[in-house]
Each structure stands twice: as C-alpha cells, then as structure tokens.
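Have a look at the structure below, then the notes.
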There are 2 protein chains.
Amino acid sequence: MAEKVTPVLKSARKERQNLQSFFNIAVSVDCVIFGYDKNELFVLLRESELEEYQGLFSLMGDLVRPNEDLTEASYRILFERTGLQHVYMEQVHTFGKVDRHPTGRVITTAYFCLVNMQDQRLAIAGRDVDWYPVRKVKQLAFDHQEILQLCIRQLQERVMERPMIFHLLPTRFSLRELQSVYEAILGVELDRRNFRKRIALKDWITDTQTMEKEVSHRPGKLYQVKSGYLNTTQSYQ
Amino acid sequence: MAEKVTPVLKSARKERQNLQSFFNIAVSVDCVIFGYDKNELFVLLRESELEEYQGLFSLMGDLVRPNEDLTEASYRILFERTGLQHVYMEQVHTFGKVDRHPTGRVITTAYFCLVNMQDQRLAIAGRDVDWYPVRKVKQLAFDHQEILQLCIRQLQERVMERPMIFHLLPTRFSLRELQSVYEAILGVELDRRNFRKRIALKDWITDTQTMEKEVSHRPGKLYQVKSGYLNTTQSYQ
DNA sequence: TCAAAAGTGTTTGAACTACACCCATGT
DNA sequence: ACATGGGTGTAGTTCAAACACTTTTGA
C-alpha cells in the first residue's frame, strides 16, 4: 500500500488561472430564523423579490461576499433582517441542484437560528419581513420549503439533546412555558410530570427564587438556564 | 403581523446581470472515502498537487462543474478515483472560511463514503491514491484534517443508529467481523454478548445458513444485511 | 366557588451494563 | 492438548411511559 507517485506539482498562482473558468457558481446562505410565541413556532419570511415567485414568501438569504466566511455571511443576513447579533445558529445542509435557482447556478447553505421574539433589540418593523406560524407555511419560493422542512427536522432531532431551546425564551421562564416550546417544536403533547423529571435530569436550568406574577392561576416558579449553556458559536465552519 | 409590503420585483434575467460580480467563489466537493480491513478503518488519500502542500496528503476533491448537482459531483469524484458507483454517501458539512484554500476563494462541501475494500470493482492501483489507517493520519493539506475529523465524528454518531456499516463489509460476514468494524469506527472495545444482543434488537441482519470456512477456530455463522438496508441515496441534496 | 395551571410519586417495561463458562475447529 | 474465537444468560441499573390527586392563585 501507499506506493509513492511523484506528482507534477502546481503552484497556487498557476492553478488560479486554470480555475478561473470555474468561478461561475454563486454561493448563497439561507437563514431559517425560528421564534416562539403563544404556543406556536414561527419562522421569519419575506416576500420574494423575483417575478417568477411573485406572491410567494422566501427565507432570508443572500449571496456570500468574496471576503466573507460562510458563517459571517449568515450572521450578516440575520443582522440585516432582524438587527440581532450573537444568536444561536447551526449549519444544516447545503443544497446544490443545478436548477434550484432561476437566476443562475446558485448553491446555498442553510442555517437555522433561534431568536427570542420578545427581544427588545429585534427590529423587523418597517422591514419587508414578518413572522409566520411554521405549521401554516405550505409553499415557499425556490426550494425553500424543502430547506425549511430539513431545518425543522434537525431542530427536532437535537432540541432534546442539547441546551439550545433557551434561545427562544426570555431569560426567566416557567416550566410550563418551557414545555410548551418543546411541544410546539416537536408537534406532540408531553406529560407534565415526565417532562419535569426529564428536564431535571438534564440539569440545564436553575431555580431563580422568583415566581410568575399576574397570572390568573397558581403562579409557577421561574427558572433560567445555567451559565455556559447560551453559547452561540459553532465548532465548525 | 404579516403586513404586506409591495416589493419592487426583479426578473431573473435582470437579476443575473447584477449578480455576475458575485460569481467568483469556486465550489468544490471533498469526499472522505472510508474503508475497513483487518481491524482498521482506512481513508483514501492522495498526495497534494499543490506546491504549498508538497509532501502532504489530501482528500479526494474537485471543483463542481457548472452543470452538475452537488451530489453528482461527489459521485463523479468518487468514480474517478475508485471506479466505484452506487456507494453509500452522506453530506456532512460545508466549509467556507475565506482563506481555507491558497488558490483562491473556494468553499467545499464534505461528503463521506463507505466502500468495501474487497470489492473487485475497486480500481485504485496505478492511480495516485492509496488507503491509510485513519488512526495514523496526523496532518493533511488544506483544512482536510478538520474535515476528516468531522466526518469521523458524524460517522461515529450515526453508525449505531442507522444500518450503514454494511457498506464497509462483504455481502456475508460473521458477527465477529461486524463487531470489529464497530470497534474500529468507535475506537472502543465492545462486550461480545451485549453487542450481539444489541444487533439482534436492531433487526438489520439475517442468518445466511452458512458458516465461516478455513478459520483456525470454531467457525461462526455468516450473516447478511436484510434487503432494503443497502440504500445509497440521500433524501436531500 | 370556580377555573386554570402548579406541583408531586409510583409502577412497569425496555434497554444497557457487567460478567463466566462451555463448545467447535485447526494446528 | 492447546489456542482461538463462537455461542449463550442473569442480575442490576437507568430511563421512559402511564397515570391522579391536592394546592394556589385570580376572577
């Protein structure tokens, strides 16, 4: 094994000339931005700018700039559309069918983001974007429906395994709220007692010694995520 | 919510002109091709062609052609280097740092492939590629070490959950062989009795009513994967 | 006093772990 | 006879699921 063959070495500079003709696929990033409110999972959409998709909504996407890392591009798009930074983000998949974009050959890398819809810094008013309940989204421009579905699936697969759900909630939350977010994401009802035991086992959250106020029922304890579990950065880009 | 804003529509044709200046990031695919032999996990590597990485090995990669889906490109690269088709393949991650490639801006999508090193159709002799034990790979060209590590991690995370490991083995195999492949991938020793129970629970394999031959110990039963578990195609590209 | 959600424990089954002995074959 | 791996079962633990009643608050 491993016989050595002496290759004809190419320098990067010479190589660049040969490659120029291949620099003709555009690269984009699409952000699937999830939020949670009133027992419902929402996704941020905007109306497609393309004639071909008039009347349809699309995800937040843009081409990657020549001097921008892929993750930088994703954070830029998020910031441009929401005013938010330091948001939880995961790369999901890269979609590369030849005909997926009518403008030309564009491959796109999909990320999902989890944001707190109550965040005061969230600035979508006056922009061409809005929140839509994920359950009601039936059709999107491009292959964005497929992208959305895969992001939901990945969110569902990971949300019980890793402490990521807290990015969707305010700093302090009740166990009831936490359970409702899980139910909205997973699309199932959970048993309250089993849920509380499971969350206790994870050891992600801590009692804040405060209670809900101004609720028309017995107030619950408020919890917060333990420090160190609100990281937004990925290991790999 | 969802106030409508009337956007200025752009046609795909007009849009294409605006985008031309962005068609300047190259897109590549890197295949991490895994094989198994004699209690070891191997990866297929070749010597880097670039002066900058002289003496280092690299993964099998190439630029994506303008009329080629991302997965097509990955299968083409695999076929060019191994002569194999219809191989198990999963997309892992897309790496997009600005400076990851000395030739210019190249983002790359990594796939891992599982091949049977005993496959008669495997044709790497005379090509500039060879198998290296994964454990011994310490340094690679570009960011290929990072790509390899992430592919190994994804393989490890999924190999017990999905019936993919059989692509690394001949059609018929003993439970001992199967256990050894798991051990090579996971980097741990497994208890034989517990392993057999676990595999029985998965219900992936079936007894072939044949036995090992010409082994210098008590021969074991030979098994094969149940039909339907050797799919090579992915749901998403 | 009623409505609404908070809070809490037990029982069962499934799956995983650790662990030891006899069996069949080739040399 | 010996070396090598084949083949098997039990006991303990952990985790998940099913399931009901009392408590606290606001209206």
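So that the names make sense, note that chain A is the first sequence line, chain B the second, and so on, each numbered from 1. Bear in mind the structure is a predicted one, so any value in this text is a computation, not a measurement.
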Distance check needed: [N] [atom2] versus [X] [atom1], whole Å only.
X         : N      : atom1 : atom2 : answer
Arg196(B) : dG9(D) : CZ    : C1'   : 14 Å
Leu178(B) : dG7(D) : CG    : P     : 13 Å
Phe195(A) : dG9(C) : CZ    : P     : 18 Å
Lys221(A) : dT8(C) : NZ    : C1'   : 11 Å
Asp191(A) : dA5(C) : CG    : P     : 16 Å
Asp207(B) : dG7(D) : CG    : C1'   : 13 Å
Ile199(B) : dG6(D) : CD1   : P     : 14 Å
Lys213(A) : dA4(C) : NZ    : C1'   : 20 Å

Table please: side-chain donor-acceptor pairs of residues 165-172 of chain B below 3.5 Å, with sequence neighbours left out.
unit_1    : atom_1 : unit_2    : atom_2 : d
Arg172(B) : NH1    : Thr210(B) : OG1    : 3.2

Establish whether the base of dA20(C) is bridged to the side chain of Arg193(B) by a donor-acceptor pair shorter than 3.5 Å.
yes
What residues form a ring pair (Phe, Tyr, Trp, His ring centres under 6.0 Å) with Phe142(B), not counting sequence neighbours?
Tyr53(B), His101(B), His144(B)
Applying ring pair (Phe, Tyr, Trp, His ring centres under 6.0 Å), name anything that partners Tyr223(A), two or more places apart in sequence or on another chain.
none
Earlier contact from the 5' end, DNA chain D, for Leu175(B) and Lys197(B)
Leu175(B)
Closest-nucleotide 5' rank along DNA chain C - winner of Lys202(B) and Ser174(A)
Ser174(A)
Could you write out each protein N or O paired with an N or O of nucleotides 21-26 of chain C at a distance under 3.5 Å?
unit_1  : atom_1 : unit_2    : atom_2 : d
dC23(C) : O2     : Arg218(B) : NH1    : 3.2
dA24(C) : O4'    : Arg218(B) : NE     : 3.4
dA24(C) : N3     : Arg218(B) : N      : 3.4

If you look only at pairs with a residue in residues 192-201 of chain B, which of them pass as a side chain to side chain donor-acceptor pair (under 3.5 Å), with sequence neighbours excluded?
Asp191(B)-Asn194(B), Asn194(B)-Lys197(B)
According to the interplanar angle, ranging from 0 to 90°, do the rings of Tyr229(B) and Trp204(B) count as parallel (below 30°), tilted (30 to 60°) or perpendicular (above 60°)?
perpendicular
Donor-acceptor check, side chain of Thr208(B) to backbone of Leu222(B), threshold 3.5 angstrom: yes or no?
yes
Side-chain atoms of residues 154-163 of chain B: list all donor-acceptor pairs with protein atoms under 3.5 Å, sequence neighbours left out, distances to 0.1 Å.
unit_1    : atom_1 : unit_2    : atom_2 : d
Gln154(B) : NE2    : Glu90(B)  : OE1    : 3.0
Gln156(B) : NE2    : Ile185(B) : O      : 2.9
Arg158(B) : NH1    : Glu90(B)  : OE1    : 2.9

